[in-house]
Every structure is written in C-alpha cells, then in structure tokens.
There are 2 protein chains.
Amino acid sequence: MGSPLSEFISSSEPFSYSKEFKPMNPEEFRDKAHKAVDFITDYYKNVETFPVLSQVQPGYLKNLLPETPPNTPESFDTILRDVQNVIIPGMTHWQSPNFFAYFPATISSAAFVGEMLCTCFNAVGFNWIASPAATELEMVVMDWLATMLHLPKSFMFSGSGGGVLQSTTSESILCTLVAARDRVLNEIGVEHVWKLVVYGSDQTHSTYKKACKLAGIDPRNIRSISTRVEDEFSLSPIALREVIEADLKEGLVPVYLCVTTGTTSTTAVDPIKELAEVASKYHIWVHVDAAYGGSACICPEYRHFLKGIEKVDSLSLSPHKWLLSYLDCCCLWIKSPKLFVDALSTNPEYLRNKHSESDSVVSYKDWQVGTGRRFKSLRLWFIIRSYGVENLQNHIRADIQMAITFEKLVRSDVKFEIVVPRRFSLVCFRLKQLNGFDSNCTEFVNKMLLERVNSTGQVYLTHTVVGGIYMLRFAVGATLTEERHVISAWELIKEMANTMVKVDS
Amino acid sequence: MGSPLSEFISSSEPFSYSKEFKPMNPEEFRDKAHKAVDFITDYYKNVETFPVLSQVQPGYLKNLLPETPPNTPESFDTILRDVQNVIIPGMTHWQSPNFFAYFPATISSAAFVGEMLCTCFNAVGFNWIASPAATELEMVVMDWLATMLHLPKSFMFSGSGGGVLQSTTSESILCTLVAARDRVLNEIGVEHVWKLVVYGSDQTHSTYKKACKLAGIDPRNIRSISTRVEDEFSLSPIALREVIEADLKEGLVPVYLCVTTGTTSTTAVDPIKELAEVASKYHIWVHVDAAYGGSACICPEYRHFLKGIEKVDSLSLSPHKWLLSYLDCCCLWIKSPKLFVDALSTNPEYLRNKHSESDSVVSYKDWQVGTGRRFKSLRLWFIIRSYGVENLQNHIRADIQMAITFEKLVRSDVKFEIVVPRRFSLVCFRLKQLNGFDSNCTEFVNKMLLERVNSTGQVYLTHTVVGGIYMLRFAVGATLTEERHVISAWELIKEMANTMVKVDS
C-alpha cells in the first residue's frame, strides 16, 4: 500500500491464512449467477417432466453425500450437477403445473428479481437507520396492499395503524396474541396468566394451538369450537358466545379469538362481522387469519369475505400462498401499533441512535419475534408494479375459473361428489359412498384412490378429514398450471377410479 | 385442446379475466434475471462509492412513490431505475467494504447461488414428504457444521441429537426455552408458570428478554446478572449460583440459562463449562448463544471458546453473521429432539402421511415456530462445498488479522485506548479520558467523534455502553473489506479526532 502505517500490518497469529480467498469477487459472481439463471430457467421449462411427488425413500440422501464436509473446494459444475442428480430426485415439485396439494406456493419473475435484490443488499433492517429504504418501502407497500384490500385507514400508516412483513402466519398470531395477553395481564396481574382463554374453531390452522402454547396459554384453555357441516364448517357466533359465557362462569378471562378466512382443510370462511361483534362485548382481541383466502379479496367480487374487518384488531394474509411472492412473506396489519410495540420492543444501547430515540421512525424489530430482518418488501413492490392490480385480480380469477372447471368435471361423474361447496380455488371431493358400503369402506376406497393417483408421479394432491368425512383436496393455482393440466389430472383421477369402482349409471 | 371435456370449460363467472397473464414465463424470467445479475454485479463493484450510512431523512420515500398501487403494469426498466435512484440512496450499505457497524452480515457467490435455487424450488418443506431433499439436506449440512465445530455426537443426527435451521437467534431461544419450560411445567403443573425463573447476564442479547416475555415468563423473573470489567464482562459462575440460590429460597423454579459466546457489545465469552456445571445441579436447561463467536470455533485455535459444550442442552450459531450465508440463517443444535418436538409438534390431518406417521423421518415443522419453511440448507451446502473447510477457516483468520491491525493502529495513538481486550474481529476503543475532563465529557467527545466520522458517509461504525463506559465498536469483516479499508478508516478516525482533541505526546 505504501502507507506509512504498513509497519503495523505484520501478522502475529500462529496460523497461516490465505488473503487470496475472496468469497465475493464480482466477476466470478456474475459468471456463476448467470449460470444459475440458465439452470433455473431450464428447471421451470422442464419441471412438468419430473414426478411431482418425490419417489425417494427416507434416508436416500445420506448415502449419496459424504458424511463429513470437504476440506478443499469443489467446482461449481460438480455442485450444480449434484443439484440435478441428487437433489432434484428428492424434491416434491411445488412449482410443477401438476401440483394440486396443500395450497399452492405461487411465484413470479417479478418476485424472483425482487428477492435477488433483497439478497444482494443483505441489509439487516432492524431499525430505521440500519437501512431507511427497507423500513420505508415496507410501510409504503403494506399501505398499498391495504388499499388493494379496501382495508379501513385504521390499519394503515396513512391512518392510525400499520403493517409489517412476518415470515409466517404462526409468527403473526404469536406476536398479536402476546400483545393481547399483555394488555390483559397489565390489568389483572401476571400471576393470573393461567386464567387466560383463547378461541378458535376446530378448523383453525394447527399452528394456532402451537402459537398459544408458545405464548404460555394453558393448553387446557385453548378452545377449539366445533363447526358443523350445516354451517359449511364456519365458526358459529352463537357457539362462540356460549363457550365464552361458560368460561366467564368459571372465572376465566377471555383474551383472543382467531377467525379464519379460508380454512386449510376446506377454505371455510368464518363470519368476521358477527364474530367480532360477540368478541367486542368481552374485550377480546380479534385476529383474522386470511393466509390463503385474503388474497382473493383484492377482487371486488370476493371482498365480501372480509365484511366486518373494520371491527377486528389485526389481520394476516400470506402473499407466499396466492400472490406470487415466493416464501416467506406474511403480511400483518394491526390497529394499535402502540400495544404491539409495548409487548415486543427492546432497546439495547448498541442499537440506539438519534432517530430511534426521537420516536419519528418505525423500528420494525419491535414488530416481530426476532431482531434481524430481510428487505422482503422489495418482492411485493416488484410484483405490484410489474403486474398492476388488474393483472393480479385476473390471476386470482383465472385460478378460481380453473377450479370451477374441475368442480364441473367432478360433478359430471356420478361416482364422485363435491363434499363442501367450493369458495376459492380448492375443490373438496370424494368417491361417493356406494350402496352396501359403510363409511369406513368409503374412506378406504378414497385413500386408495389418492395413493394410486399420487404414486404415478403425474399429479400430487392431498386429503383432509372434516366432520368425520375423508375427502380429497384439489387445490388449483400453482403458477405454471394451465387448464390442460387440470383436465389431465381429472382424466387420471377418473381412470384410476374406474379401475377401482364400477357403478351403473 | 380438442379434449372431449371441453364442453365443461366455459366461463360462468361475472368478471372477465385474462388468460394471457403469465407471471412465470421461463424465457421472460431468463431475460429479467440475467439483467438483475448484471445489476447486482455492478452494485457489488460500486458499493464502495456510495455513502455507507444512508444520508436520507425520515419519511424521504413516501414523497417519491405514489400513495396507491398502480392498476396497470410498469416496465422492468422503470422499476430497476427506481431501485437505483430511489432505493439505493436510502440504503445503509451493509455490503460496503467500509461498513464496520454492528456485526457484519457476510455474503458469498456460493451462498447467493444456493439462495437462488432455494427460491427457484420454493418448496414448503414442513415435513419430509413435502420435499424429502429439503429435510435430508438440512440434516446432512447440520451434521457437517457440527463436525466442523467438533461438537459431540450428542448434538448430531449421526448421534442422539440433531440440528435445524431457524431464521434468527430469537427463534432458537424461544423454541428451546419453551421446551425447557414445558419439561418443568409437566412436573410441577401449568398453574405454577409464574414461579419459573430464567438467567442470563447484563450482556446477553436484548432479544433474550423478548423471547422470555413471548414464552410467558414473568418479566420480574428474568435475571440479568451483572458482569464486571475484571471478568471482561463475562458471566460469573459464582454470581449465577448466588442468584439461583436466592431464587430457590423464594420458592421460585430455575428453568433456563442463556450463555453467550461473543456478546454483541464487546464479544465477551461466558465460561460454558463452569456455568453448565452450576446449572446442572439445578436441572436448568443451558443454551449457548454463539451467534457471532461460534463461527470462529471452526478454527482449532478458537475452539476453546466452546469448552464444555458437551454439558449444555442446545447451541445456536448464525452463519448469516460470519459464515458468508446471507440472511436469514441461524443454526440450532439440540441434544433432546424428543423434548423439543413434544413442545412444538402439531399433527393436523391434512399434513399426515404414511411417513410422518411411521416416525421414520424428521418433520421440521415440529422443530420451529411456524409451519412453512424454506430450503435454506442449500446455501450452507453451496458454501461448504464451494470453499471447503480450510478456506472458511482462513476467512475467519483473515478478518481477525484485520482487526488486529486496527487494534495496533489504535494502540499506536496516545489519544486512544482499547477499552476491552479484543477476542474476535471486533475492536472496542475510545478517546481516552483526558486530564481535567470528567467521564461525561469523555463520553460527549467520543459521541461527537462517532457522529462526525459517520456523517462523512465514508465509513459506518456504531457504539455501545458497557460498565458505564461509552465506547466505539469497530467490527471488521464485511465480505468486501480489505486491509486498505481498515487503514483508511483509521486514518479518517484519527484525522477527525485530531481536529477535536490535542494532546502533548
């Protein structure tokens, strides 16, 4: 360097090290990243040719990889070849157009690029100064999405609330539940924590119970209110009131209700308005989990599923399900950021600065479980700008239209029935109970059908059991799915069923 | 399609939609992603030319972006131009070679490609069948890293334990704390939750307190044991025992201890072995938070910082800090997966399958807060294979060597002093207290120095206060940092100091 300071630069450490090791050499990066882009493009082009459901057996991988890490470098091409030959056979291909399992995890070119930039900056946006753009773009984008959903101003930064990106619905529930819990405990005292009761239905996502347990709610106080087929498996406000009243008689303290817009099993929709009206009488925090169904509400014709949303305390929705964002991206809006921050804030000296002290900025570390956080809003910003609201609405409509197609195909075959009404892009169906068959037998036949269909590797769908009925779930909406894939899937299902069941029609 | 089924394909929905909207057209993806690669390469080449610390004012962004989302698409070039002109000025550039704040968030070409593939697959690996490769590669890589750290077999899948990738240390602490809490509550009854006490030092990361509050520990029962300058701010086993004994006398129940290997303020190292020996007498779960310091322990000469690790229950380490992995990537190893899963498992019907029921496979959803999870192990796999263990060790050594250089430069100037001994690649220093100055005055001068240095935009460093002493933190190790950046930073600091303070030497 020729610096006058070079006398200080001699090594005194006992071990030698190589200054030549550059983990980020931009030209080398360019070369490898371009290769990766082509690899990924080929993957998306060919994903239809792989078995959707991986055909490997448990433990397949450990025999294909060394037990200990390599001491010296391996070539990029070797590793990429192993992705092709070792990893891909073990993948269940969520991006296959023939993936109809669970709920789709949707993607887009725009979100991929947004994610690349998020990775590139690798900014740890725990507070404003750590990257002002990361905090402020998230605020802008959360208000944009709130606008798309016609949420009231009470959930927006431009009003009195605000939004934050979480990784998962689980975190959104945990954080809001803790805010609700602490609001009550501040009044009644921490020693009464065992009295707190939380509410949901037997269709609320399984993660709700986990979040409640994490937050220290006594598992015996997690109410899972039964739903009925007559209510299309939605939570009944009358049943809710009865359960709350019974708890009050026991001296317990109701604290939180989780309402679902589009349950995982059957996309049932709980009546937000009526439930919130019940809850408000008891000062219960109401959270709406619209992880899947919420995305549809950007279309005017589906917005009614959020009727009454102005009465709740918080709402979460996962664009990684149906808004093309890749994992992991869960939007959470809250009406009372102050309550939220009271429960979740930390203020260590090493993160203090004049802005954080002045209260003029949002410190997103106080809106989540962790301290560090990624610049995820870039993805949503790229999606919304690249496609525009109209295309996003059409994307939702196109998926629902394909589900309607599948529903019609099922109805056209007398051997099958639609088990619960289709609301979004999930169709719940099964082989009918035949004369002379009992319900166990019907379940067995449907299980066998599912297993046979999935074992072909041509499609992947999953099942559920609701109200005692075993049913198959056909979830339309993987990003690459076209109508022809839905039709082929039906033909395969029908063909398999025909080999198993004969009906006089 | 010419399919006999086409009669079913007519639309009956009231709104029109465009089938032409393809959010993932592979050739369009290829084009945009290649452009993004070149944009990112240019960013890494030029990042040194941007002010490290963003110079924008709070609220800068909302005036530059529309308040409502666009209805129609905007061009890719327009959006990318906005990244350049609107986002980048609001970034604090964590990847600048002149970033010496907090702890570095390190990166690498290999991890970037691994992350691209993780994004590409977008597999939601909540259980084995949802993508066998995602579960099994994580198991392999966690065992590899455990091998690199010379962890005992009791933390490895090839032994009796296992590892999992979390997003943050906060989640690792929360999950292990809940497992520890439930182990005790299963014995003493949930109604005694208010008796549980947890332990750490006044140097334990701020997120620890938040995790404890999330888990429902009474905030009054979170012990933050004072450390002393004589112990180099490490937690004293003697002090720990005294505090535990006092709690037992009060009828409280000790449950969890968080030990830190490399604290955030000064990289203090708590004595694992001695603390674990105290804790074991009281059946306290011991967790080691080695988020930053743990990475150095892949080098034999630093492994002694983990001495006694075989006596603890869990250990977390964040490769997103010092092992080139990008955010967010925190490794957690546990000795008793069963205890962990007991506390965190869910078993909804819609996720059941023959493998999950047979107990033959790991369901990682039962090892974390959420249900969904990304295929993050690809990044670590790419890093370890692309570079090999030796290069990774040399990377750690090179950073520490640069910190030693900076330390020597500080010591060479009589106006400055090293406040706490350097252990890793963080140097804590300050302008000395001068004759006739009181400690407030010294703090003020150091604050002014920090502000002046950062306001140049040429470097970014942060501060802390430990033992009542305000000090500057110079954290070496941003991936692009070379010795010349460290020397230039010192010259800037010295120059600024010279304009503020004159000493006879």
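Please read these numbers as outputs of a predicted model, since none were measured by experiment. Order of the sequence lines sets the chain letters (A, B, ...), proteins ahead of strands, with each chain counted from 1.
- Contacts of B:K209 with chain A are absent, with no heavy-atom separation under 4.5 Å from either backbone or side chain.
- No donor-acceptor pair closer than 3.5 Å links the side chain of A:R373 to the backbone N or O of B:D328.
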Inset, instruction - Tell me, with the steps shown, if B:F112 and A:M116 meet side chain to side chain contact (heavy atoms under 4.5 Å, CB included). - result: CA-CA 8 Å; B:F112 197 99; A:M116 285 172 81; 4.2 Å; yes
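- Using a 4.0 Å cut-off between a side-chain N of Lys or Arg and a carboxylate O of Asp or Glu, B:R374 and A:E115 qualify as a salt bridge.
- Put simply, the side chain of B:Y44 never gets that close to the backbone of A:M24: no donor and acceptor are under 3.5 Å apart.
- In this model, a donor atom of one side chain and an acceptor atom of the other lie less than 3.5 Å apart for A:H34 and B:D38.
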Inset, instruction - Any chance you could lay out the side chain to side chain contact (heavy atoms under 4.5 Å, CB included) test for A:F121 and B:V83, step after step, and finish with the verdict? - result: CA-CA 11 Å; A:F121 293 130; B:V83 173; 4.1 Å; yes
Inset, instruction - Go through the steps for B:F382 and A:L80 under the test side chain to side chain contact (heavy atoms under 4.5 Å, CB included), then give the verdict. - result: CA-CA 9 Å; B:F382 264 78; A:L80 217 50; 4.2 Å; yes
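- A donor-acceptor pair is defined here as one N or O able to donate and one able to accept, closer than 3.5 Å; no such pair exists between the side chain of A:W144 and the backbone of B:P70.
- Interface remark: of the candidates A:D42, A:V466, A:L344, A:V361, A:L344 forms the most heavy-atom pairs closer than 4.5 Å to chain B.
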Inset, instruction - Apply side chain to side chain contact (heavy atoms under 4.5 Å, CB included) to A:I87 and B:W381, showing your working. - result: CA-CA 11 Å; A:I87 300 300; B:W381 191 56; 3.9 Å; yes
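- With a 4.5 Å cut-off on non-hydrogen atoms, B:T106 touches chain A through its backbone but not through its side chain.
- Remark: side-chain polar atoms of B:E136 are paired, donor with acceptor, to backbone N or O of A:G59 under 3.5 angstrom.
- Here the side chain of B:E390 pairs no donor or acceptor atom with the backbone of A:T72 at under 3.5 angstrom.
- The contact between B:T168 and chain A is made entirely by side chain atoms (from C-beta outward), counting heavy-atom distances below 4.5 Å.
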